2 protein chains.
Amino acid sequence: MTEWTNRQKEIINAALEIISTMGIQNLTIKTLSKWINVTDGAIYRHFKSKEEILTSIAEFFKASSTELLNRIVSSREPGINKIKAFFLGRCRQFSENRGLVLVMFSEDIFKGNEAYQKKIYETIHSHKKLLIEAIVQGQKEGILEEIEPEHMFMAVMGALRLLVTRWRGADFGFDLLKEGEKLWKSLEKLISI
Amino acid sequence: MTEWTNRQKEIINAALEIISTMGIQNLTIKTLSKWINVTDGAIYRHFKSKEEILTSIAEFFKASSTELLNRIVSSREPGINKIKAFFLGRCRQFSENRGLVLVMFSEDIFKGNEAYQKKIYETIHSHKKLLIEAIVQGQKEGILEEIEPEHMFMAVMGALRLLVTRWRGADFGFDLLKEGEKLWKSLEKLISI
DNA sequence: GTCTATATGCCGATAGAC
DNA sequence: GTCTATCGGCATATAGAC
């Protein structure tokens with residue numbers, strides 16, 4: 001399933017809003033149907049199960065972030081610029097759709113939904129692969145420190161994750177992109193030679 | 001509550017085991033009572049609610065990690081050694097009790113249990129404060145890069161978190177302490193001048 | 001497509017016998 | 001302290017009228 005009806009899109013967006021404002025725990029068929037002003041039974045006209053809704057969210061996430069990544073990878077920029085573009089692109093993406101934060105940073109939440117987990121895992125993994133290629137490229141260009149590329153990946157993405165976690169903890173109360181830019185400047189100092 | 005009966009300790013440990021093997025979703029009074037071979041009603045002789053069990057887990061976490069941290073802080077080591085000791089100490093701690101991983105890295109999971117969240121939040125926050133003091137100390141000693149201490153904290157602890165997440169994803173199938181040591185060597189290169 | 005009504009199951013928690 | 005039995009609540013999902 002890669003094409004959705006308008007109602008389906010409405011449901012997916014509502015689910016993302018509920019997740020980001022009230023937490024995944026409160027995403028039930030009931031809260032979802034109330035959100036878009038229909039009764040709970042009506043939801044099942046559009047999705048055959050709650051699991052299918054979650055899987056659709058995973059597909060939405062994949063579609064919207066793969067686009068960002070492909071744009072970056074196909075550019076002929078130095079490795080470090082690619083990493084920066086990804087780092088800040090993610091900040092922008094999260095700012096625009098807060099629901100995606102939870103989708104991406106929730107290893108436990110969706111336990112039990114294998115289709116969902118598999119898709120998220122694949123997506124994150126392919127991103128990781130491409131970023132590590134950019135790191136290797138940067139090392140070859142003599143700009144990045146010569147450490148295990150995977151370790152550099154962990155430092156950069158781990159820092160981003162903590163920033164986003166703090167942002168959520170602060171109820172999205174600061175400008176993620178602005179703070180992301182500051183953080184990136186610090187990280188750049190660390191990873192550059 | 002800071003002292004527990006044997007049965008209570010048994011229940012707390014069982015809960016941690018269930019969380020680490022089957023996920024927090026499957027921690028119910030029923031799975032818990034089955035795990036230690038009593039009926040569900042019997043649990044309520046030892047804890048008055050499920051919430052109280054979770055809060056006890058938070059207290060257990062606090063007790064076991066504060067001890068580590070105090071030992072480190074009171075030492076007269078250079079700042080960077082303190083950070084290293086904390087980093088590897090955490091790896092060791094998680095290796096010894098896998099349940100603690102989920103306790104620490106689960107912003108969402110325990111939503112709804114305010115007592116739990118508050119305690120975990122306080123604990124993590126006090127650790128962060130002490131670590132940042134160690135970073136500032138290291139910068140004064142001229143050993144660590146002169147960037148925003150908070151950003152260095154995020155890079156180091158974020159990387160640790162991703163390592164631990166990978167460890168869990170691999171079903172604890174590699175030696176966390178060993179991989180942690182490798183990761184630390186890389187991080188040391190990044191943050192040192 | 002949406003409504004109301006309902007089936008089914010699991011959850012946390014309690015009562016009372018032993 | 002543990003047992004069995006049970007309550008009330010809420011979850012997903014279905015059936016049938018409109």
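Keep in mind that this is a model prediction, so the values were computed, not measured. Throughout, protein chains are lettered first and strands after them, A, B, ... in sequence-line order, and every chain is numbered starting at 1.
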Whole angstrom is fine here: how far is it from [atom1] in [X] over to [atom2] in [N]?
{"X": "B:Asn6", "N": "D:dG1", "atom1": "CG", "atom2": "P", "value": "10 Å"}
{"X": "B:Glu52", "N": "C:dG12", "atom1": "CD", "atom2": "P", "value": "15 Å"}
{"X": "B:Ile11", "N": "D:dG1", "atom1": "CD1", "atom2": "P", "value": "10 Å"}
{"X": "B:His46", "N": "C:dA13", "atom1": "NE2", "atom2": "P", "value": "15 Å"}
{"X": "B:Met22", "N": "C:dC10", "atom1": "CE", "atom2": "P", "value": "14 Å"}

Across all chains, not counting sequence neighbours, the side chain to side chain donor-acceptor pair (under 3.5 Å) partners of A:Asn70 are none

Can you give each donor-acceptor pair under 3.5 Å made by side-chain atoms of residues 143-159 of chain A, sequence neighbours left out, with the distance rounded to 0.1 Å?
| from | atom 1 | to | atom 2 | distance (Å) |
| --- | --- | --- | --- | --- |
| A:Glu150 | OE2 | A:Lys128 | NZ | 2.7 |
| A:Glu150 | OE2 | B:Arg166 | NE | 3.4 |
| A:His151 | ND1 | B:Ser186 | OG | 2.6 |

With B:Thr5 via side-chain contact (heavy atoms from CB on, under 4.5 Å) - residues at least two apart: B:Arg7, B:Gln8

Terminal helix-axis angle for the helix from C:dG1-D:dC18 to C:dC18-D:dG1, with five pairs defining each axis and rounding to 10 degrees: 10°

Is it true that B:Lys119 and B:Glu122 make a salt bridge, defined as a side-chain N closer than 4.0 Å to a carboxylate O? no

Salt bridge between B:Glu179 and B:Lys182, side-chain N to carboxylate O under 4.0 Å? yes

Between B:Glu188 and B:Phe87, is there a side-chain heavy-atom distance shorter than 4.5 Å? no

Side-chain contact, heavy-atom cut-off 4.5 Å: A:Phe60 with A:Leu16? yes

So if I define the base as every atom that isn't primed, P, OP1 or OP2, how would nucleotides 3-18 of chain D read as a B/S/- string at a heavy-atom cutoff under 4.0 Å? BB------SSBB----

Can you name the ring-ring contact (aromatic ring centres under 6.0 Å, His included) partners of B:Trp35, sequence neighbours left out? none

